[in-house]
Amino acid sequence: MTHQVLARKWRPRDFESLVGQEHVVRALSHALETARLHHAYLFTGTRGVGKTTIARILAKSLNCERGLGAKPCGKCGACVAIDQGRFTDYLELDAASNRGVDEMTQLLENAVYAPAVGRYKVYVIDEVHMLSSHAFNAMLKTLEEPPPHMVFILATTDPQKVPVTVLSRCLQFNLKNMAPAAIATYLATVLAAEGVSFESAALEQIGRAASGSMRDALSLLDQAIAYCGGEVREEAIREMLGVVDRRYLERVLDALDAADGPALIGVGDEMMSNNAPFAGALRELASLLHRIALAQVGAAGEGDAGSLQRYARAFAPEDLQVYYQIAVHGARDLPLAPDEHAGFTMTLLRMLSFRPDDAGASRNAGAAPVAGGSTDARGSTDARGSTPRRSSAALANTGAEGPDPRAFDGDWPRLATVLQLNGLARQFIEQCELVSHEGLSFRVRVPIRALAEGPAQSKVRDALAAYFGAPVRLSVVHGAVGGRTAAAVATEQRNERQAQALRSIESDPFVQQMISELDARVLPESVRPNDA
């Protein structure tokens, strides 16, 4: 018997076996069961998500010999003929190769005739966005008022190119990409039915590589069975797909956690000797960092949660964000590097340079450690007296390289204006008020809870540490502010400048003459200080 590829053999034959498009199945099933049918449907979505498959199932539902309904029998003459592509009243047209007005005109001329054997004529036009503008214009009238026996099903991967005049005449359904987990589950069902042994991790790799397309996943599964010699194993699938061994990525994370630069370089060298794909490695690293971040907020997948918890505890959330961004940019910029190995290792070293510095004391030996050992992951010392890293630019701006950090004079609003901050961190420092302080230990109150609980405070702590040239303790509470904040001081100064500008205008001799002789008046809202 001739072998049939899995993508064709396991193509869904009814709505019940369709995977991942429940919203479309629900709408079409209700329409079929209540006989509330539309004359034109538009299915949109990326390749391999089931557009043509749903069109065939809908055609069988409309023409099944057992009657109109959402569950075609799949065994009658009409159902079998549609599945085999030989049903007289069912036509699939590829608009990529039949895009002209002549082909469309011929199609519409045949549409007016009654079905030969079926209940409805069903015309499926795939990749409809490829039709010419004249072909679209030719079909508009028929698409709006087709014969009662006619149903059009349009499918496209690029709905933006379909004219609005066509969209408005169709009932539109957007098919979703398949989730990798859903793909892996379906592939497991297929392999169990085919009697092929497999490893779940291998199917997860295929699910991610399919990029949401079930057809691509089944094609990759066919390739995997052949590549692996009749079984599907993770190590072989990684080799087939060019996926980097996860053990390399875990060693990268371990080295980052330990601040071990030589170990990072060693991983890169070993990957080069084993011909590992560096671009794929950076993408896989970004994906792994994403899953670790999800684990930190309790949203990791069931298969990942246990293995990711160690890294979720090891890295601060803000560090994961930085590492993720560096990995993404590193993959993008890899073609610009002298060679891929150099670009990969420099990306890893960039991550290392942005991690909290546990060896800062060796470069800032004069900075006085805070008594009592460890306080925070950032802006404080650990039991060994380490200090946070400060860039050379920050040291140059503050002049705080020496052993005598500058003292705090008690003027919190003035201090807020000199710190180099932006975004939420700038809002934090301008809105908060100083509750108390002892040395370089500050307690502040902010009026907005999001600022009190968000990452802005770590940036403020770093900026304070850079300004004073020493570790800083910063504790934050939420509540109404009643003291002087930088924002309040700025408002007072702005109001005073506005009042002074208004007084200056009103005291001007020319203005006073205009008021006296012409009954003029000064509009206060039109007056602006010179520095406004």
Side-chain angles (χ1 to χ4, degrees), residues 4-29 31-32 37-64 70 72 74 78-99 103-104 107 111 118 120-131 139 143 150-159 161-162 166-167 170-178 182-183 186 190 210-222:
Q4 189 175 24
V5 298
L6 294 178
R8 294 184 60 192
K9 182 177 180 180
W10 286 89
R11 189 173 198 169
R13 300 291 194 268
D14 51 45
F15 288 130
E16 293 179 348
S17 59
L18 198 66
V19 179
Q21 308 298 345
E22 290 79 8
H23 63 299
V24 179
V25 170
R26 185 185 307 114
L28 294 178
S29 297
L32 289 164
L37 301 173
H38 203 273
H39 59 267
Y41 297 88
L42 175 64
F43 296 142
T44 66
T46 57
R47 70 184 191 281
V49 294
K51 298 185 295 296
T52 307
T53 296
I54 293 178
R56 289 187 180 180
I57 297 173
L58 180 57
K60 289 191 293 184
S61 299
L62 293 171
N63 288 292
C64 180
C79 290
V80 172
I82 291 174
D83 280 335
Q84 295 178 353
R86 55 179 178 80
F87 190 64
T88 305
D89 297 317
Y90 175 77
L91 175 66
E92 288 186 12
L93 179 71
D94 181 15
S97 54
N98 299 276
R99 61 190 307 269
E103 291 89 346
M104 183 55 60
L107 183 73
Y120 289 92
K121 274 191 171 182
V122 181
Y123 284 178
V124 179
I125 305 178
D126 198 13
E127 298 299 340
V128 68
H129 67 275
M130 298 291 288
L131 290 178
M139 71 184 297
L143 195 61
M150 189 70 232
V151 174
F152 286 96
I153 303 178
L154 313 181
T156 179
T157 56
D158 194 354
K161 294 182 179 179
V162 179
V166 173
L167 294 176
C170 298
L171 202 62
Q172 184 172 346
F173 294 96
N174 182 29
L175 277 65
K176 300 181 294 186
N177 282 356
M178 309 289 182
I183 291 177
Y186 185 73
V190 170
S211 301
S213 170
M214 185 65 78
R215 184 177 63 213
D216 287 4
L218 289 169
S219 297
L220 286 172
L221 188 61
D222 251 332

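Starting from 1, each residue takes its place in the sequence as its number.
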For a quick check under 3.5 Å, do [X] and [Y] share a side-chain donor-acceptor pair by atom type?
X: S213; Y: R47; result: no
X: N177; Y: T46; result: yes
X: S17; Y: D14; result: yes

With the side chain counted from C-beta on, respond yes when [X] and [Y] share a heavy-atom pair under 4.5 Å apart, and no when they do not.
X: I183; Y: V19; value: no
X: V122; Y: N63; value: yes
X: I54; Y: P12; value: no
X: V166; Y: L131; value: no
X: L154; Y: V162; value: no
X: F15; Y: V24; value: no
X: L62; Y: L32; value: yes
X: L42; Y: V128; value: yes

Any donor and acceptor pair, going by atom type alone, linking the side chain of [X] with main-chain N or O of [Y] inside 3.5 Å?
X: H23; Y: N174; result: yes
X: R13; Y: R11; result: yes
X: K121; Y: A111; result: no
X: D222; Y: V5; result: no

F43 and F173 aromatic ring geometry - parallel, tilted or perpendicular at 30°/60° bounds: tilted
Residues Q172, L167; criterion side-chain contact (heavy atoms from CB on, under 4.5 Å); working and verdict: CA-CA 7 Å; Q172 184 172 346; L167 294 176; 3.9 Å; yes
[atom1]/[X] to [atom2]/[Y] distance, rounded to the nearest 0.5 angstrom?
X: T52; Y: R215; atom1: OG1; atom2: CZ; value: 7.5 Å
X: L218; Y: R8; atom1: CG; atom2: CZ; value: 13.0 Å
X: C64; Y: I57; atom1: SG; atom2: CD1; value: 13.0 Å
X: L107; Y: M139; atom1: CG; atom2: CE; value: 8.0 Å
X: H39; Y: L171; atom1: NE2; atom2: CG; value: 9.5 Å
X: T88; Y: I82; atom1: OG1; atom2: CD1; value: 10.5 Å

Can you name the nearest heavy-atom pair linking [X] to [Y], along with the distance?
X: L175; Y: G50; value: CD2-C, 3.6 Å
X: E127; Y: A95; value: O-CB, 3.2 Å
X: M104; Y: I125; value: CE-CD1, 4.1 Å
X: L143; Y: C170; value: CD2-SG, 4.1 Å

Verdict with supporting geometry, M178 and Q21, side-chain contact (heavy atoms from CB on, under 4.5 Å): CA-CA 8 Å; M178 309 289 182; Q21 308 298 345; 3.7 Å; yes
Partners passing salt bridge (charged side-chain N to carboxylate O under 4.0 Å, His left out) against K60 (at least two apart in sequence or in another chain): D83
Walk me through whether Y120 and D89 qualify under side-chain contact (heavy atoms from CB on, under 4.5 Å). CA-CA 7 Å; Y120 289 92; D89 297 317; over 6 Å; no
Step-by-step side-chain contact (heavy atoms from CB on, under 4.5 Å) determination, L93 to Y123: CA-CA 8 Å; L93 179 71; Y123 284 178; over 6 Å; no
